[in-house]
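Bear in mind that the values here come from a model prediction, so they are computed numbers and not experimental data. A note on names: the letters A, B, ... follow the listed sequences, proteins ahead of strands, and every chain is numbered from 1.
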Amino acid sequence: MEDVNMTKKQRAAAAVEKLKQLYPEAICSLKHTKPYELLLATRLSAQCTDARVNIVTKTLFDRYRSMEDFAAADVDEVAGIIRPCGLFKTKAKDLVGICQKLLLDYNGVVPDTIEELIKLPGVGRKTANLIVGDVYHKPAVVTDTHLIRISNRLGLVDVKEPRKVEDQLRKILPPEESNDFCHRMVHFGRDTCRARGPRCGECALADICKSAGKL
DNA sequence: ATCCCGAGGG
DNA sequence: CCCTCTGGAT
């Protein structure tokens with residue numbers, strides 16, 4: 001059974017190892033060929049499955065082949081293409097605005113810090129962390145809905161606000177492990193530790209989980 | 001009905 | 001803190 005005396009750091013270390021076994025490769029499931037494409041795909045992923053984002057970006061990245069193409073794009077036309085992803089008016093404005101600002105203020109290079117990335121329209125800390133981690137291979141904590149839910153269930157954190165979850169996880173995760181850990185948590189959340197109906201009976205982390213058998 | 005790898009504005 | 005943006009899958 002779960003050891004109630006485990007510290008959060010010990011629990012985190014155990015979760016890191018178990019998830020490595022479950023998901024040897026920590027894959028980002030958003031298809032892309034360039035950093036700015038990953039940035040746009042991540043913006044599209046809000047309230048939308050990655051599978052659908054990948055269907056839409058296949059058409060989108062074929063229609064607009066460069067940052068310059070996006071910067072000059074008609075927002076309504078972009079909105080028409082990305083409609084199935086939801087929130088399409090805001091997202092369309094953001095995609096065009098992101099590329100315009102990248103060209104104007106960053107010489108067409110996607111910035112490598114959270115502080116600069118969140119200055120781009122529609123880019124918050126979740127998206128910024130994903131870019132910092134996946135493109136620049138720096139320590140990142142990608143606080144998507146899965147990470148927040150599972151971190152609370154496991155007992156790694158005791159807060160819901162994305163910013164606080166990020167800060168608490170930074171304190172207990174080895175920096176070199178945090179990015180892959182976040183990717184694995186997403187897969188774990190889809191497969192086992194689901195929002196509703198978590199499959200505790202077949203969960204490999206039940207023995208280190210604060211909520212095992214209580215959901 | 002509720003959820004999906006959110007962000008911005010009030 | 002709250003609300004809104006939004007379509008699609010379950």
Mind checking if [X] touches a base, just sugar-phosphate, or nothing, with heavy atoms under 4.0 Å?
| X | answer |
| --- | --- |
| A/Lys89 | sugar-phosphate |
| A/Gly124 | sugar-phosphate |
| A/Val53 | nothing |
| A/Arg184 | nothing |

Please determine, for the side chain of A/Arg43, which listed nucleotide (C/dT6, B/dA7, B/dC5) has the closest atom?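 Ranking C/dT6, B/dA7, B/dC5 by closest atom to the A/Arg43 side chain puts B/dA7 first.
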So which nucleotide from B/dC4, C/dC5, B/dG6 ends up closest to the side chain of A/Thr90?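 Among the listed nucleotides, the one closest to the side chain of A/Thr90 is C/dC5.
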Return the orientation label for the A/Tyr64 and A/Phe70 ring planes: parallel under 30°, perpendicular over 60°, tilted otherwise.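 The arrangement is tilted - the two ring planes meet at 30° to 60°.
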Any salt bridge between A/Lys18 and A/Asp207, counting N to O under 4.0 Å?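 The answer is yes: the pair qualifies as a salt bridge.
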Nearest whole Å is fine: how far is [N] [atom2] from [X] [atom1]?
| X | N | atom1 | atom2 | value |
| --- | --- | --- | --- | --- |
| A/Lys160 | C/dC1 | NZ | P | 11 Å |
| A/Glu161 | C/dC2 | CD | P | 10 Å |
| A/Glu166 | B/dG6 | CD | P | 15 Å |

Residues from residues 94-106 of chain A sitting under 4.0 Å of DNA chain B, heavy atoms only?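 Result for residues 94-106 of chain A: none.
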At a heavy-atom distance below 4.0 Å, what parts of residues 126-137 of chain A sit against DNA chain B?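 When residues 126-137 of chain A is checked for heavy atoms under 4.0 Å from DNA chain B, the hits, listed by number, are A/Lys126, A/Thr127, A/Leu130.
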For nucleotides 8-10 of chain C, which of its nitrogen or oxygen atoms have a protein nitrogen or oxygen under 3.5 Å away, and what is each distance?
{"unit_1": "C/dG8", "atom_1": "O3'", "unit_2": "A/Arg52", "atom_2": "NH2", "d": "3.0"}
{"unit_1": "C/dA9", "atom_1": "OP1", "unit_2": "A/Arg52", "atom_2": "NH2", "d": "3.1"}

Just checking, is any N or O donor in the side chain of A/His183 or A/Asp134 under 3.5 Å from an acceptor N or O on the other one?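 Their side chains do contain a donor-acceptor pair, which is all the 3.5 Å distance test asks for.
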Using a cut-off of less than 4.0 Å, is there contact between a side-chain N or O of A/Arg190 and OP1 or OP2 of B/dC5?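 Yes, because at least one side-chain N or O of A/Arg190 sits under 4.0 Å from OP1 or OP2 of B/dC5.
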